[in-house]
Amino acid sequence: MTLRDLNQLLDRMPSSTKDTPGLSSLGPLPAMQLHPPPSPGTHRTLRRLQSAHTLGAKAATQPSLISQQRLQLQHQQQFQNLNQHLQKGPPPPAPAHAPPSHQQQQQQPPPPRRHASINRSPQRARANSDTPQPANVPQLSAATMTAATAARRSALSKRSLAADTMSLERLLREGPPNGDVEGALESTRLKILDQGIKSDSDGMSSLRIYVWLIFLNAPVLDTDSYLALIHRGASPAYSKIRNDTFRTLSTDPLFRRRVSEASLIRLLNAFAWTLHDAREERARDPSVASSSRLSLDQSSSRPETGHGSDYGSPSSSPAAKRARALTLTTEGSVTSMAAEPGAYVQGMNVLAAPFLYAARSETEAFAAFHQLLTNECPGYIRGAMDGVHKGLALVDKVLAIVDPKLSLYLLSKNLSAEIYAFPSVLTLCACTPPLPEVLRLWDFLFAYGPHLNILCIVAQLVMIRTKIMESPSPNKLLRSFPALQADQIKRTTLAIIKMIPDDIYSEIVSHAR
């Protein structure tokens, strides 16, 4: 007798405690074979069988070891596809009806089919075509592949296989294997894009500041040189510095607990002295500053990093410029310092805050901060902050390409990037909390170029597109951007970068020079 028959039998048997009037009116009962009541041992056996059946059903829904390995391989393949898009840059836009991921389908053969019992999995990994795309971003087709886009893949071929097998900590401690600096740099970029820099909940990591110094190509700074700048006393910009430092990330308890205002004042005052000395030297002899900077770059640059190349020459195509800009973030430093040196501007305090938070000493923070502003973004502090205004114009231009409807809506409300994006451009999004997310976003920016901050700002707008379109007064919403989500911003940036034309991307790369 089965479990179901036994339950039906028990339900049909009358209870001894119930009164059963009218039972005789039912007529004679059909003949049936009566069995003795089950013993307690029978109930225990039934419960064991039912438990075993339940556990077996749960186990059948869990993925097998082979399925788990296949999921891991699919995730790795997804990361490689995203990284290839970043290295290649945006090829010419394809028609809107192009099928998603058609390019990958043309390049890669279909995987071999397996038996259903092996290939079946309770969930599938997200394919590259399932990556969330911003509004109005067209897909790419295989017909858009050109010789220029093929050249952009050269960064992947520069990877060092030996460096790929090493952890980031070991790579920094032992240096590039076999002296392959360029391959080690590319492997480090991929590690950061895939895994990130390991840190605690507060964003603290013992490796981060050294990774930043390497990507910024910052020269070694003697501590005595930094102390000499401090011992010179107040700089001409000291009063402006004091008006800014006390309100630097004033609402961030992590920053307030780790970085003192005195430390921020010393760093900014020392940097103001370096700018003052550069202006004085240029005023005495304009040729001295250019020649001294050229000799410094030639002595401190590494041949493997491509310093002194023809990045700024007219013969370089936009595609070639983009390929080098994505892999060699310190290129073009000689031409960038040919113009006048900058001056202290409001907002430098916020830009210096993450360096002091992540660094293990003020000297390290000063070296990275000085290299960023004098080599990567000198236009942000020169003259009337021309580089910042160029970046704001590019935010409007890129948003019009990526999401024309959102761009027109903001312009209809008289909201240009000059109104809502000025702090984000100047500070590389350091003005938007939380600070640990700022550090993770800067890992990405320093690895592939601070110019990508323009696209990161547009990515934030795309992420809150629905709220902006539904808001009758988006100015209140954009007055302070929502909390940073570094991983989602990077994913959105990797998606929209494919749509940017080469000439616009070339402007993005050079806007802060």
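- Applying side chain to side chain donor-acceptor pair (under 3.5 Å) to Ser187 and the options Asp180, Asp164, Thr165 leaves one that passes, Asp164.
- Between Arg440 and Ser199 the shortest side-chain heavy-atom distance falls below 4.5 Å.
- Heavy-atom minimum distance, Gly391 versus Val425: CA-CG1, 4.4 Å.
- Here Phe446 contributes atom CZ and Ile214 contributes atom CD1; the two are 13.5 Å apart, rounded to the nearest 0.5 Å.
- Side-chain contact check for Glu470 versus Thr466: some heavy-atom pair is nearer than 4.5 Å.
- Looking at Gln371, its side chain does come within 3.5 Å of a backbone N or O of Asn217 through a donor-acceptor pair.
- Side chain of Arg279 to backbone of Thr274: no donor-acceptor contact under 3.5 angstrom is found.
- In this structure, CG in Leu394 is found 12.0 Å from OH in Tyr505, a value given to the nearest 0.5 Å.
- With a 4.5 Å cut-off on side-chain heavy atoms, Leu426 and Leu351 do not count as touching.
- Using a 4.0 Å cut-off between charged nitrogen and carboxylate oxygen, Lys490 and Asp487 count as a salt-bridge pair.
- Of the inter-residue distances, the one linking Phe422 atom CZ with Thr427 atom OG1 reads 10.0 Å to the nearest 0.5 angstrom.
- Checking side-chain atoms of Glu437 against main-chain N and O of Ala486 turns up a donor-acceptor pair under 3.5 Å.
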Checklist line | Chi angles and distances behind the side-chain contact (heavy atoms from CB on, under 4.5 Å) call for Leu399, Leu406 | finding: CA-CA 8 Å; Leu399 183 61; Leu406 177 60; 3.9 Å; yes
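- Screening residues 475-502 for ring pair (Phe, Tyr, Trp, His ring centres under 6.0 Å), with sequence neighbours left out, gives no hits.
- More than 12 heavy atoms of other shown residues, nucleotides or ligands fall within 6.0 angstrom of atom CG in Asp200.
- Using a 4.5 Å cut-off on side-chain heavy atoms (C-beta onward), Val402 and Ile500 make contact.
- For the pair Leu439/Trp212, a side-chain contact is recorded, criterion being any heavy-atom separation below 4.5 Å from C-beta on.
- Using a 4.5 Å cut-off on side-chain heavy atoms (C-beta onward), His451 and Glu376 make no contact.
- When ring centroids are compared, Trp442 and Phe355 come within the 6.0 Å threshold.
- Although no hydrogens or angles enter the test, the distance criterion places no donor-acceptor pair under 3.5 Å between the side chain of Arg208 and the main chain of Ala358.
- Between the side chain of Ser407 and the backbone N or O of Asp403, no donor-acceptor pair lies under 3.5 Å.
- Side chain of Thr248 to backbone of Val350: no donor-acceptor contact under 3.5 angstrom is found.
- Here CG of Leu411 is found 7.5 Å from OG of Ser416. Values are rounded to the nearest 0.5 Å.
- Of the N and O atoms on the side chains of His511 and Tyr380, at least one donor lies less than 3.5 Å from an acceptor on the other residue.
- The shortest distance between side-chain heavy atoms of Met348 and Leu373 falls below 4.5 Å.
- A salt bridge is absent between Asp194 and Lys191: the closest approach of a Lys/Arg side-chain nitrogen to an acidic carboxylate oxygen does not fall below 4.0 angstrom.
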Q. When you look at Gln488 and Met463, which way does the side-chain contact (heavy atoms from CB on, under 4.5 Å) test go after all the steps?
A. CA-CA 9 Å; Gln488 187 174 355; Met463 289 164 53; 3.5 Å; yes
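- In this structure, Ser506 contributes its side chain and Asp503 its backbone to no donor-acceptor pair below 3.5 Å.
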Discussion item. Applying side-chain contact (heavy atoms from CB on, under 4.5 Å) to Val398 and Ile508, what does each step give before you reach the verdict?
Written reply: CA-CA 10 Å; Val398 171; Ile508 295 175; 3.9 Å; yes
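- Between Leu441 and Cys456 the shortest side-chain heavy-atom distance falls below 4.5 Å.
- For Tyr420 against Leu410, the heavy-atom pair with the smallest separation is OH-CD1, 3.9 Å.
- Judged purely by distance below 3.5 Å, without hydrogens or angles, the side chains of Tyr357 and Asp252 never pair a donor atom with an acceptor atom.
- Taking each heavy atom of Pro434 and Ala483 in turn, the nearest pair found is CD-CB, 4.0 Å.
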**Message:** Please determine whether side-chain contact (heavy atoms from CB on, under 4.5 Å) holds for the pair Leu207 and Lys198, giving the CA-CA distance in whole Å, both sets of side-chain angles, and the decisive distance to 0.1 Å.
**Reply:** CA-CA 8 Å; Leu207 304 178; Lys198 294 181 180 180; over 6 Å; no
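- The heavy-atom pair separating Leu249 from Ala353 by the smallest distance is CD1-CB, 3.6 Å.
- The heavy-atom pair separating Tyr344 from Ala237 by the smallest distance is CB-CB, 3.9 Å.
- Counted by atom type alone, Thr245 and Asn349 present zero donor-acceptor pairs between their side chains at under 3.5 Å.
- Applying the salt bridge (charged side-chain N to carboxylate O under 4.0 Å, His left out) rule to pairs touching residues 385-401 yields Lys397-Glu507, sequence neighbours excluded.
- A donor-acceptor distance shorter than 3.5 angstrom exists from the side chain of Arg382 to the backbone of Arg513, with no hydrogens or angles considered.
- Between the CG atom of Leu452 and the CD1 atom of Ile457 there is a distance of 11.5 Å, given to the nearest 0.5 Å.
- A distance of 13.0 Å separates NZ in Lys413 from CD1 in Ile419, rounded to the nearest 0.5 Å.
- The shortest non-hydrogen separation linking Phe366 to Phe271 is CE1-N, 3.5 Å.
- Under a 3.5 Å cut-off, the side chain of Thr374 and the backbone N or O of His370 do form a donor-acceptor pair.
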